[in-house]
Amino acid sequence: MSPKLHAKPKSKISASRKLSLKILLLQRAMDDLEQERVTRDEQKVCYIGDKLPPLQTAGLPMEDLQKLCKQLHAKIDVVDEERYDCEAKVIKNGKDIHELKMKVMDLGGKFKKPPLRKVRVSADEMMRALLGSKHKGTMDLRSNLKSVKKEERKEEKADDVGDWRKNVEAMSGMEGRKKMFNAAGGGQ
C-alpha cells in the first residue's frame, strides 16, 4: 500500500481563510446574542408598563394617597397568591417527577429483591387466601392416607413375648440353651 492512501486529504480552504470564516461566525453569534438581550429587555419594560402604570403622587391629597396605597396592597396580595400557587404547582410536579422516577427504577429492576422467608401455612389457610369466601369446609389431607392397623401388631408382639419371668426361667440352664439352639435351626 502506498503512503498516499493513509495521508490526510488536503483541504481546499486555506488556514487563513478558515480563521477568517471562524471569526465572522463568532461575530455573527455575538450580534445575535446582543439582539436577543435587547428584545428581552424591551419586552420586560413593555410588560411592566402594562401591568404597573407610572405613579403620580405629586399634588395628591392624603385621602387619594391612602386609596392608592390600598390598591397597591391589593395588587401585591394578588401577585403573592399567584406566586404561591405557582410554587405549589412546582412542588407538586417535583414530587410527581420523583414518584415516576421511582416507578421507572422499580420497573427497571434496579432494586435488589429481599430474600423471602419460609412461612408455614396449612392447607385450609392457603385455600382461604386463594379462594377467599368461596372456600367452604375443611380440607383434611390425612384422611386420604393409607391407614395402618397398630392394634394387630401389638397383639402379635404380646403373644411372642408373654410373661418375661417365665421366659427367663425357661431359658436358664442347659435346657434353655438347647431350646434356643433348636429354635435357630441348628439341631436337626
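Bear in mind that the values here come from a model prediction, so they are computed numbers and not experimental data.
Residues passing the salt bridge (Lys or Arg N to Asp or Glu O under 4.0 Å) test with Arg37 are Glu34, Asp41, sequence neighbours excluded. Under the side chain to side chain donor-acceptor pair (under 3.5 Å) criterion, Glu81 pairs with no residue at all, not counting sequence neighbours. Contacts of Arg83 classified as salt bridge (Lys or Arg N to Asp or Glu O under 4.0 Å), with partners at least two apart in sequence or in another chain: Asp80, Glu87.
Here Arg28 contributes atom CZ and Leu25 contributes atom CG; the two are 9.5 Å apart, rounded to the nearest 0.5 Å.
Leu26 belongs to no multi-residue hydrophobic cluster, having no ILVMFWY side-chain contact under 4.5 Å with any other such residue.
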Atom pairs and distances, side-chain donor-acceptor, residues 17-24, under 3.5 Å, sequence neighbours left out:
| unit_1 | atom_1 | unit_2 | atom_2 | d |
| --- | --- | --- | --- | --- |
| Ser20 | OG | Ser16 | O | 3.4 |
| Ser20 | OG | Arg17 | O | 2.7 |

Show which side-chain atoms of residues 59-76 pair as donor or acceptor with protein atoms under 3.5 Å away, not counting sequence neighbours.
none

Expected list for residues 88-103: side-chain donor-acceptor pairs under 3.5 angstrom, two or more places apart:
| unit_1 | atom_1 | unit_2 | atom_2 | d |
| --- | --- | --- | --- | --- |
| Lys92 | NZ | Asp96 | OD2 | 3.4 |
| Asn93 | ND2 | Lys89 | O | 3.3 |

